[in-house]
Amino acid sequence: MEAARSIVEEVNRLTLEEQKRLLESEYSELLEDRVRVERGLTLPPLPGAVEGRVVVRFAPNPDFYIHLGNARPAIVCSEYARIYKGRMILRFEDTDPRTKTPLVEAYEAIREDLRWLGVSWHEEYVQSMRLEIFYSVMREALSRGCAYVDTCGDEGKKLLASGSYCGDRDRSVEWQLERFEDMLRGVYGEGEAVVRVKTDPKHPNPSVRDWVALRIIDTARHPHPLVGSRYIVWPTYNYAVSVDDHLMGVSHVIRGREHEVNTEKQLYVYKCMGWEPPVFIHTGRLKLEGFILSKSKIRDLLSKSPQEFLGYDDPRFGTIAALRRRGILAEAIREAIMGVGIKETDATISWANLASVNRRLLDARADRIMFTANPVEHVYEGECVDAEIPYHPERPQKRTIRVCGGDKIFIDRGDIELKEVRLMGMANVKIENGKATMISRDLDYARKKKLQIIQWVPARGAVKLTIYKPEGLKLHKIKGYAEPALKEYKEDSRLQLVRFGFIRIDKIVEEEYTAILTHE
RNA sequence: GCCGCGGUAGUAUAGCCAGGCCCAGUAUGCGGGCCUUUCGAGCCCGUGACCCGGGUUCAAAUCCCGGCCGCGGCACCA
């Protein structure tokens with residue numbers, strides 16, 4: 001004991017370098033390679049991943065547009081497919097025409113959002129087109145005796161809730177197969193028969209007990225937007241996912257934490273069919289500070305007060321379309337999402353963080369334009385000057401604005417009280433009683449006197465610009481004037497309004513511009 | 001209520017599985033400075049965290065136990 005203590009003390013007295021050297025020379029067999037993974041913009045290694053054999057999928061329900069939270073698995077999956085030279089699958093899970101009725105336009109809107117995000121996929125499937133496949137796999141499962149047709153109706157559910165089960169569970173395979181064909185033939189109505197997967201009728205989680213794999217939906221009353229009322233027997237999520245993930249060779253399922261119990265349910269299908277299950281990874285939920293992400297909440301707001309919002313891509317929402325419309329770049333979203341990775345804890349991306357990344361990316365490419373949000377007209381007094389304003393501080397291109405004595409210019413209300421300022425690119429002036437009187441054009445003078453350099457807008461040719469500024473649930477409207485150079489830009493341009501913030505031009509109607517403030 | 005999963009600075013994340021390179025790294029935010037014809041960007045300096053309590057160990061953010069808090073699930077939704 002004493003010996004051990006003294007040896008430890010001796011070792012501890014050595015510096016790290018000395019310890020390392022000693023280990024390498026005397027006891028190198030004890031050294032173990034411990035590889036440190038460089039993070040940066042890359043993801044942690046995918047458990048059990050083998051290069052060339054990774055197959056991942058993004059499987060949205062096309063009942064609405066996707067939001068930032070959905071983008072997490074989509075981006076992460078496509079990135080893993082890229083890293084491991086694997087395959088990425090896009091699969092639309094539209095197997096509920098009744099309560100989660102698919103939106104016809106959502107299929108293409110989702111593809112568009114994904115493309116914009118830089119997510120690429122190698123294969124695409126739509127589950128509503130694969131119903132026959134689910135039926136035939138079920139015939140096999142019934143034959144194997146690990147699923148059954150429950151014709152007990154509501155009673156079957158109640159029995160399971162109490163740890164018992166519908167007597168049909170114990171009937172013969174032949175009986176099951178015949179009843180299943182009856183279901184497909186339309187012998188039963190909604191709720192009269194379901195196909196259940198045999199699990200454990202006493203499972204601690206009642207929802208796991210013999211969960212429903214296929215049910216009847218009256219598609220005469222609730223037609224599916226893609227296949228109409230062609231089918232009445234529809235697979236549930238858990239069943240369809242298990243079958244498709246296996247058939248499509250998915251090796252890694254990356255999805256939200258809310259699917260943890262589903263994973264447990266799906267494992268019964270793999271076991272029944274003798275399939276090798278994929279690796280399941282559950283990520284935490286993603287929120288965006290100050291934004292509304294929830295599908296149902298957005299739909300709610302849109303239907304209750306449509307006049308208050310600019311649509312599903314209103315800049316106050318966290319849909320991908322909304323972020324795009326606001327002026328957030330796809331790279332910024334990718335960066336933010338790669339940053340949170342696949343952690344199992346919920347994360348709230350702070351707006352400051354996303355905006356900061358976006359600002360850094362935008363700064364390099366957004367031209368600078370002068371804008372006054374609270375324009376106050378002033379008369380310029382002094383000699384004619386040709387103000388040269390660079391489009392971007394890093395680039396040589398400039399525009400020239402000629403201002404002569406008697407010309408009117410707009411100065412922002414907040415800047416008037418500064419009394420003496422430098423009008424950017426133009427001249428140093430004294431501001432007094434609605435007049436801007438030139439002192440000199442000398443920049444050094446402005447530097448020496450530490451004059452504030454402000455933006456200004458010539459009244460002649462000034463462009464009316466309305467800016468929507470999202471703030472929480474509010475959308476402020478700011479009306480002002482921008483310099484004539486704004487007319488050189490088309491819709492969807494991203495600009496920086498000097499000393500105001502970054503904007504994306506949303507709409508141009510007859511010389512009147514509308515933009516959305518991306519962030520300051 | 002029952003089942004499950006988590007808890008590192010204001011926010012997010014690295015480290016945890018394989019205890020010592022961690023009096024905890026990075027980004028953002030915040031404070032200060034430099035630079036700059038923007039209050040933008042960039043550069044420099046600073047600020048600030050291992051949920052709590054026990055235990056194991058020479059050594060604990062890391063392993064064990066208990067508590068607290070947060071989240072998810074409990075559908076013939078996905």
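Just so it is clear, the model here is predicted, and its values are computed rather than measured. Proteins come first, then strands; the chains are lettered A, B, ... in the order of their sequence lines, and each starts at number 1.
Considering only the side chain of A/Phe502, B/rG40 comes nearest among B/rG40, B/rC77, B/rG73. For A/Ser207, the side-chain atoms get nearest to B/rC74 when compared with the rest of B/rC74, B/rA78, B/rC5. In the set B/rC5, B/rA78, B/rA12, B/rC5 carries the atom at the smallest distance from any side-chain atom of A/Arg257. Distance from the side chain of A/Lys343 is smallest for B/rU8 among the nucleotides B/rC71, B/rU8, B/rA12. Here the nucleotide nearest the side chain of A/Asp96, chosen from B/rA78, B/rC74, B/rG72, is B/rA78. Taking the side chain of A/Thr345 as heavy atoms from C-beta on, and the options B/rG7, B/rU11, B/rG73, the nearest nucleotide is B/rG7. Nearest nucleotide to the A/Asp154 side chain, out of B/rU38, B/rC76, B/rC71: B/rC76.
Salt bridge absent: A/Lys448 and A/Asp442 never bring a charged side-chain N and a carboxylate O closer than 4.0 Å. Salt bridge status for A/Arg441 with A/Asp386: absent, with no side-chain N to carboxylate O gap under 4.0 Å. Between A/Arg215 and A/Glu190 there is no salt bridge, since no side-chain nitrogen of the basic residue lies less than 4.0 Å from a carboxylate oxygen of the acidic one. Between A/Lys100 and A/Asp63 there is no salt bridge, since none of the side-chain N atoms of the basic residue sits less than 4.0 Å from a carboxylate O of the acidic one. One finds no salt bridge joining A/Asp210 and A/Lys202 here, because no Lys/Arg side-chain nitrogen approaches an Asp/Glu carboxylate oxygen to under 4.0 Å. Using a 4.0 Å cut-off between a side-chain N of Lys or Arg and a carboxylate O of Asp or Glu, A/Glu93 and A/Arg91 qualify as a salt bridge.
Side-chain nitrogen and oxygen atoms of A/Lys157 include at least one within less than 4.0 Å of the OP1 or OP2 phosphate oxygen of B/rC76. For the pair A/Thr95 and B/rA78, the criterion of a side-chain N or O lying under 4.0 Å from OP1 or OP2 is met. For B/rA78, the OP1/OP2 oxygens have a side-chain nitrogen or oxygen of A/Arg215 closer than 4.0 Å. For B/rG40, the OP1/OP2 oxygens have no side-chain nitrogen or oxygen of A/Arg368 closer than 4.0 Å.
Between A/Tyr125 and A/Phe92, the gap from one ring centroid to the other reaches at least 6.0 Å. Taking the six-membered ring where the residue is Trp, the centroids of A/Tyr237 and A/His259 are separated by under 6.0 Å.
Using atom P as the reference point in both B/rC51 and B/rG4, the two lie 23 Å apart (nearest Å). On the P atoms, B/rG10 is 23 Å away from B/rG54, given to the nearest whole Å. With both ends at atom P, the span from B/rC64 to B/rG20 equals 15 Å, rounded to whole Å. Taking the C1' atoms as reference points, B/rU62 lies 42 Å from B/rG40, given to the whole Å. Atom name P, nucleotides B/rG6 and B/rU13: the rounded distance is 14 Å, in whole Å. Using P as the reference atom, B/rC43 and B/rU26 are 14 Å apart when rounded to the nearest Å. On the P atoms, B/rC30 is 30 Å away from B/rG72, given to the nearest whole Å. Rounded to the nearest Å, the gap between the C1' atom of B/rC16 and that of B/rC74 is 31 Å.
One interatomic measurement links the two molecules: NZ of A/Lys158 to C1' of B/rA75, which rounds to 16 Å at whole-angstrom precision. Atom-to-atom, CD of A/Glu155 to C1' of B/rC76 comes out at 15 Å; the value is rounded to the nearest Å. Following rounding to the nearest Å, A/Trp211 (CH2) and B/rC3 (P) show an atom-to-atom distance of 23 Å. Separating the CD atom of A/Glu344 from the C1' atom of B/rG6 is a distance of 7 Å, rounded to the nearest angstrom. At whole-Å resolution of the value, CG in A/Asp150 and C1' in B/rA75 are 15 Å apart. A/Ile66 has its CD1 atom 15 Å from the C1' atom of B/rA78, to the nearest Å. One atom, NE2 of A/His259, and another, P of B/rC3, lie 23 Å apart when rounded to the nearest Å. Rounded to an integer number of Å, the gap from A/Tyr107 OH to B/rA78 C1' is 13 Å.
With 3.5 Å as the limit, one finds a donor-acceptor pair spanning the side chains of A/Arg255 and A/Thr263. Using a 3.5 Å distance cut-off with no hydrogens or angles, the side chains of A/Thr236 and A/Asn238 do not pair a donor with an acceptor. Side-chain atoms of A/Glu258 and A/His282 form no donor-acceptor pair, as typed in the model, at a separation below 3.5 Å. Side-chain polar atoms of A/Asp367 and A/Tyr489 form a donor-acceptor pair below 3.5 angstrom.
Using a 4.0 Å cut-off on heavy atoms, the residues of residues 232-248 of chain A that approach RNA chain B are A/Pro235, A/Thr236, A/Tyr237, listed by number. For RNA chain B, the neighbouring residues in residues 184-204 of chain A, judged by any heavy atom under 4.0 Å, are A/Gly191, A/Val194. Taking every heavy atom of residues 349-361 of chain A and every atom of RNA chain B, pairs under 4.0 Å involve A/Ser350, A/Ala352, A/Asn353, A/Ser356, A/Arg359, A/Arg360, by number.
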Would you mind writing out the side-chain donor-acceptor pairs for residues 348-357 of chain A within the sub-3.5 Å range, not counting sequence neighbours?
residue  : atom : partner  : partner atom : Å
A/Ser350 : OG   : A/Asn353 : N            : 3.2

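Remark: A/Arg494 is not positioned above the aromatic ring of A/Phe502, lacking an NZ or CZ atom under 6.0 angstrom from the ring centre and at most 45 degrees off the axis. Figure legend: cation-pi geometry between A/Arg399 and A/Tyr391, with NZ or CZ positioned under 6.0 Å from the six-membered ring centre and within 45° of its axis.
In this structure, A/Glu260 and A/Lys287 both approach RNA chain B, and ranking their closest nucleotides by distance from the 5' end singles out A/Glu260. Of the residues near RNA chain B, A/Asp346 and A/Asn262, the one whose nearest nucleotide (by heavy atom distance) lies more toward the 5' end is A/Asp346.
In this view, A/Arg179 and A/Val149, A/Trp175, A/Asp182, A/Tyr188 satisfy the side chain to side chain contact (heavy atoms under 4.5 Å, CB included) rule, not counting sequence neighbours.
Here A/Gly153 lies in heavy-atom contact (under 4.0 Å) with a base. Counting non-hydrogen atoms under 4.0 angstrom, A/Gln496 reaches a base of the nucleic acid.
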*Map every base of RNA chain B to its dot-bracket character, where paired means a Watson-Crick or G-U wobble contact with both distances under 3.5 Å and | marks a partner outside the strand.*
(((((((..((((......[....))))((((((.......))))))...(((((..]....))))))))))))....
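Residues A/Val429 and A/Val421 meet the side-chain proximity criterion, which asks for heavy atoms closer than 4.5 Å.
Evaluation of atom-type donor-acceptor distances gives no pair under 3.5 Å for the side chain of A/Glu289 against the base of B/rU11.
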